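Computed from a prediction, not measured in an experiment: that's the story for all the values here.
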Amino acid sequence: MTAVDTNLLADLQMRGLVNQMTSPEELTQHLQKSRVLYCGFDPTADSLHIGSLVPLLVLRRFQQAGHKPLALVGGATGMIGDPSFKSQERKLNTIDIIDQWVDRLKAQVSAFIEFNDQGNSAAVVNNYDWTKDVDVLTFLRDVGKHFSVSSMIQKESVKQRLERDGEGISFTEFAYMILQSFDFSQLYKQYNCSLQIGGSDQWGNITGGIDLTRRQHRAQVFGLTLPLVTKSDGTKFGKTESGTIWLDEKKTSQYAFYQFWINTADADVYKFLRFFTFLNEAKMLAIEEQDRAAQGKPEAQSILATEVTRLVHGEKGLQAALRISEALFSGQLEQLTKEDLQQLYLDGMPASQTSKKSITLVQVLVDSGLAKSNKMAREFIVNNAVSVNGDKVSDLDAVLTPFLGLQGEYHVIKRGKKLFHLLHWAG
RNA sequence: GGUGGGGUUCCCGAGUGGCCAAAGGGAUCAGACUGUAAAUCUGACGCGUAAGCUUCGGUGGUUCGAAUCCACCUCCCACCA
């Protein structure tokens, strides 16, 4: 039997990772032994984004403490759409698309948990497997009968939707909770799974599952929700000017991922260290103390970025991100060798190639996506926001040619303080 | 099926025949200050160097002129059956 770390809950609480839990004393008691727990991830896109990182890492924390994690991929629930705290009814995706997404998610969640031969080896399950063959009548009689509509509409997660003018909720979405509850009950039956974790928005769905499991199997199971990750400035966590931060490196490069964390506000960074890293409390307090004493630029952001990038993209991905970041932000562009530049290209720095002999700067800005239109490109140049190979350019008619490039082949274009693009003259 | 209310530029939201590329707020972007922070100030924020062009759910119409009026279609919401 795997040894169990009985301080797990205390650690999670120290990290601020516990939002709500059912019967705390009994759950603490329950977790003295190795248990099976699960967390669901619905396929709403072809990749998870960093919003799912907290639950994924908590699954990992549970496994490290000796419990068996199940990552549930919502092949069934993803077809319905969770209405919890969503202000609008959502469009249904087609079944083929959902299938593809399910496969990607399986691979992604697998990276965060261990599959070994020990008692607490992780597993990935798909709720489509036990939902697809349940016919409507059976479902309504055996599952639906356990739910009271009046208690369902009391749930905070759908209440505001029901009360809000101009929006409604279809029966399909309303029934989502029942499907998710059915998952918990099934996983209890099949795996003796006794704990479900999820975001704070999942509380209603989780307690629904707990009730159903009690009614169908006369068993007590537990729920624990994690806090919503919020930022001190009130803006939404996980978005940048260029969009969502995805876990898939094809959608968000390792470099962009690293940069996202580097840009964490001071007001949030120590909290995020607790949420997103496995550093122990003493270590994190030491970092905080040191930053305070230093009065200058804090170290916490770079530690956070390093740790999280390593967790998600591995040591290689981290090194690639670091190489680009250092090259670009140290300001020593002219010292880069041809190999360095090539490596930046391979590391996934935003880049493009051209076989032309010369291009206007305005054109380059637009082609590279650094500016949305010629008009914006010109505005950036006039505002002194553009530099090429480290030098500000304020000439609207500037033209780039290979000769002027680094090593005769590359131009590093910078717009604003943080956006870069590598232009390679392939001709 | 009936009745009523809606669909405005990324979001919210004003605009009911010309003064509207369309108020205001938010978000976003740039500059200054900085630490690739925060706060603050300044500027930008449909496309076009410009003349100008293309937008206000869709199509068609009325008009010198429509986001604004009319018809049909479509989607959403509420209530009634």
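- Taking side-chain N and O atoms only, Arg415(A) has a distance below 4.0 Å to OP1 or OP2 of A30(B).
- The closest donor-acceptor contact from the side chain of His421(A) to the backbone of Ser352(A) lies under 3.5 Å.
- Across all strands shown, A23(B) forms no Watson-Crick or G-U wobble pair with both distances under 3.5 Å.
- With hydrogens and angles ignored, the 3.5 Å screen pairs a side-chain donor or acceptor of Arg15(A) with a backbone N or O of Arg274(A).
- As rounded to whole Å, 10 Å separates atom C1' of U28(B) from atom CZ of Phe380(A).
- Using P as the reference atom, U63(B) and C79(B) are 42 Å apart when rounded to the nearest Å.
- Distance Phe420(A) CZ to A30(B) P: 12 Å, rounded to the nearest Å.
- The listed nucleotides are A30(B), G48(B), G43(B); the one nearest the side chain of Glu379(A) is G43(B).
- Remark: side-chain polar atoms of Thr22(A) are paired, donor with acceptor, to backbone N or O of Gly223(A) under 3.5 angstrom.
- For the ring-ring contact (aromatic ring centres under 6.0 Å, His included) test with His411(A), the passing option among Phe403(A), Phe420(A), Trp425(A) is Trp425(A); the others fail.
- Between the P atoms of U68(B) and U59(B), the separation comes to 13 Å (whole Å).
- Here the side chain of Ser181(A) pairs a donor or acceptor atom with the backbone of Gly209(A) at under 3.5 angstrom.
- A distance of about 8 Å separates the C1' atoms of U55(B) and A21(B), rounded to the whole Å.
- With a cut-off of 3.5 Å on both pairing distances, the Watson-Crick or G-U wobble partner of A78(B) is U3(B).
- In this entry the distance linking NZ of Lys375(A) with C1' of C29(B) reads 14 Å, nearest Å.
- Put simply, the side chain of Met284(A) reaches to within 4.5 Å of the side chain of Met14(A), judged on heavy atoms.
- Across the protein-nucleic acid pair, Asn384(A) atom CG and A32(B) atom C1' stand 11 Å apart, rounded to whole Å.
- Ring pair Phe184(A)/Tyr38(A): centre-to-centre distance below 6.0 Å.
- Evaluated for a ring-ring contact (aromatic ring centres under 6.0 Å, His included) with Phe276(A), the options Phe112(A), Phe260(A), Phe237(A), Phe257(A) yield exactly one hit, Phe237(A).
- The separation of C11(B) from A23(B), taken at their P atoms, amounts to 16 Å, rounded to a whole angstrom.
- Going from atom NZ of Lys372(A) over to atom C1' of U28(B) covers 7 Å, rounded to whole Å.
- The two residues Thr28(A) and Leu9(A) come nearest to each other via the heavy atoms OG1-CD1, 3.6 Å.
- Closest to the side chain of Ser325(A), from the set U36(B), G35(B), C29(B), is U36(B).
- For the pair Asn126(A) (side chain) and Tyr128(A) (backbone), a donor-acceptor distance under 3.5 Å is present.
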*asked:* Treating primed atoms plus P, OP1 and OP2 as sugar-phosphate and everything else as base, which nucleotides of nucleotides 4-11 of chain B get B, S or - for protein heavy atoms under 4.0 Å?
replied: --------
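- Considering only the side chain of Asn374(A), G48(B) comes nearest among A30(B), G35(B), G48(B).
- Put simply, CD1 on Ile381(A) is 13 Å from P on G31(B), counting in whole angstrom units.
- Distance noted for atom C1' between U40(B) and C33(B): 9 Å (whole Å).
- A 3.5 Å limit on both hydrogen-bonding distances identifies no Watson-Crick or G-U partner for U63(B).
- Atom P of A71(B) sits at a distance of 28 Å from the matching atom of C80(B), rounded to the whole Å.
- For the pair Gln108(A) (side chain) and Leu48(A) (backbone), a donor-acceptor distance under 3.5 Å is present.
- Rounded to whole Å, the separation between the P atoms of A78(B) and A67(B) comes to 31 Å.
- Distances from the side chain of Ser373(A) to the nucleotides A30(B), C47(B), G35(B) place C47(B) closest.
- Residue contacts for Phe329(A): at a heavy-atom cut-off of 4.0 Å it reaches a base atom on one of the strands shown.
- Both distances falling under 3.5 Å, in either a Watson-Crick or a G-U wobble arrangement, occur for no nucleotide opposite A14(B).
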_Protein within reach of the bases, or only the backbone? For nucleotides 37-42 of chain B, mark each nucleotide 5' to 3' as B, S or -, using heavy atoms under 4.0 Å._
B-----
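- Checked for salt-bridge contact, Asp340(A) and Arg323(A) miss the test: no charged N lies under 4.0 Å from a carboxylate O.
- Summarising the base pairing, C41(B) is matched to G31(B) through a Watson-Crick or G-U wobble pair whose two defining distances lie under 3.5 Å.
- One P atom belongs to C72(B), the other to G2(B), and the distance between them is 13 Å to the nearest Å.
- Regarding Lys414(A), its NZ atom lies at a distance of 16 Å from the P atom of C29(B), rounded to whole Å.
- Within the shown strands, nothing qualifies as a pairing partner of A50(B) under the Watson-Crick or G-U definition with both distances less than 3.5 Å.
- For Glu173(A) and C76(B), the CD to P distance is 13 Å, given to the nearest whole Å.
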